[in-house]
There are 2 protein chains.
Amino acid sequence: METSSIEIERAATILKLLGDKTRLTMLKMLDSHDYCVCEFVEIFKVSQPAISQHVRKLKDAGLVGETRRGQWIIYSLNKESDVFPLVQNLMNHLPNQDFKLQELEEQGLRISCE
Amino acid sequence: METSSIEIERAATILKLLGDKTRLTMLKMLDSHDYCVCEFVEIFKVSQPAISQHVRKLKDAGLVGETRRGQWIIYSLNKESDVFPLVQNLMNHLPNQDFKLQELEEQGLRISCE
DNA sequence: ATATTATATAAGTAAATCATTATATGCTAA
DNA sequence: TTAGCATATAATGATTTACTTATATAATAT
């Protein structure tokens with residue numbers, strides 16, 4: 001009935017982070033694929049610094065990790081996070097976002113980071 | 001694997017609401033008991049209007065319902081909400097808050113609303 | 001070396017958020 | 001009807017948020 005529980009204050013911090021359409025969508029996307037910043041920039045209609053700031057917040061909270069690959073930085077879900085079970089659980093209530101990846105591919109914008 | 005899903009924008013709105021320590025705690029408390037505003041006022045160290053504003057937000061989002069009982073207004077979880085499954089799911093990751101009720105009773109502050 | 005591309009950081013700003021105090025409303029009880 | 005309690009609403013202010021533009025850093029390619 002009760003999974004291992006998270007301090008309420010920490011949970012509130014995490015939920016506030018996810019209470020933003022852009023970051024929530026990012027996380028759901030990362031649930032099926034890794035993404036680089038430039039892809040996020042193409043997908044969301046905001047500036048590159050805005051995207052950098054969003055991923056930074058997710059990273060500071062320990063929700064995502066980054067790996068450099070050449071000049072690109074690839075972000076991925078951090079499955080080791082203590083709040084990963086909660087996040088994962090949440091994600092199951094959200095619609096799949098793979099269509100965004102498909103749109104990218106149709107526009108030939110996915111190739112860039114490979 | 002996938003429960004019936006909620007539009008991402010709506011989910012973000014709900015999560016933003018829950019991304020506040022006071023409201024998140026309220027919801028977790030309402031998961032086991034109904035509460036009136038005056039009890040919340042005793043429990044949280046904020047003014048009565050602050051509490052009213054928090055419960056109003058929860059009510060506007062359809063997360064809680066209210067019933068008047070004499071001069072008191074009792075708030076309860078709205079289990080009919082389309083986002084109730086998500087909320088319920090979240091609650092399972094949070095520590096039980098019944099000790100707050102016990103504290104109230106020890107101070108003799110619970111009687112007031114009965 | 002220099003230019004180009006990807007990303008991060010800094011600085012500034014408009015809007016949103018969460019509290020407060022003051023006041024209004026609504027029920028109850030004398 | 002008036003007093004008192006519970007709750008809601010209004011007005012205000014400090015803080016936070018999420019963007020923007022400008023600039024810095026880091027890797028790649030010529």
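In this structure, B:Trp72 places its CH2 atom 14 Å from P of D:dA8, rounding to the nearest Å. A:Phe44 has its CZ atom 15 Å from the C1' atom of D:dC19, to the nearest Å. Computed from coordinates, the B:Phe40 CZ to D:dA6 C1' distance equals 15 Å when rounded to whole Å. In this structure, A:Arg69 places its CZ atom 15 Å from C1' of C:dT7, rounding to the nearest Å. For the pair A:Lys21 NZ and C:dA15 C1', the interatomic distance rounds to 18 Å; values are reported in whole Å. A:Leu18 places its CG atom 14 Å from the P atom of D:dT17, with the value rounded to the nearest Å. In this entry the distance linking CD of B:Gln53 with C1' of D:dT12 reads 12 Å, nearest Å. Straight-line distance from the CD atom of A:Gln71 to the P atom of C:dT4: 14 Å, rounded to whole Å.
Considering only side-chain N and O atoms, A:Arg56 lies under 4.0 angstrom from the phosphate OP1 or OP2 of C:dT9. In this model, the phosphate group of C:dT20 is approached by a side-chain N or O of B:Ser47 to a distance below 4.0 Å at OP1 or OP2. One finds a side-chain N or O of A:His54 lying less than 4.0 angstrom from the OP1 or OP2 phosphate oxygen of D:dC19. Taking only side-chain nitrogens and oxygens, B:Tyr75 comes nearer than 4.0 Å to OP1 or OP2 of D:dA8. Within the structure, a side-chain polar atom (N or O) of A:Lys57 is placed less than 4.0 Å from OP1 or OP2 of D:dA18.
Looking at A:Gln71, its side chain never comes within 3.5 Å of a backbone N or O of A:Arg69 through a donor-acceptor pair.
Out of D:dC19, D:dA8, C:dT20, the shortest distance to the side chain of B:Glu66 is found at D:dA8. Residue A:Val55 has its side chain nearest to C:dA8 when only C:dA6, D:dT9, C:dA8 are considered. If you check C:dA8, D:dT20, C:dG26 against the side chain of B:Arg68, the one that comes closest is C:dG26.
Put simply, the side chain of A:Lys57 does not reach to within 4.5 Å of the side chain of A:Asp20, judged on heavy atoms.
Using bins of under 30°, 30° to 60° and over 60° for the plane-to-plane angle, the ring pair A:Tyr35/A:His33 lands in the perpendicular bin.
Around the CD atom of B:Glu7, the shell of radius 6.0 Å holds no more than 12 heavy atoms that belong to other residues, nucleotides or ligands.
The nearest heavy atom of DNA chain D to A:Gln48 and to A:Lys16 marks one nucleotide each, and the one closer to the 5' end goes with A:Lys16. Projected onto DNA chain D by closest heavy-atom contact, B:Pro49 and A:Lys45 fall at different nucleotides, the more 5' of which corresponds to B:Pro49.
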- Message: Run B:Asp98 and B:Ser32 through side chain to side chain contact (heavy atoms under 4.5 Å, CB included) and show every step you take.
- Response: CA-CA 8 Å; B:Asp98 287 354; B:Ser32 15; 3.1 Å; yes
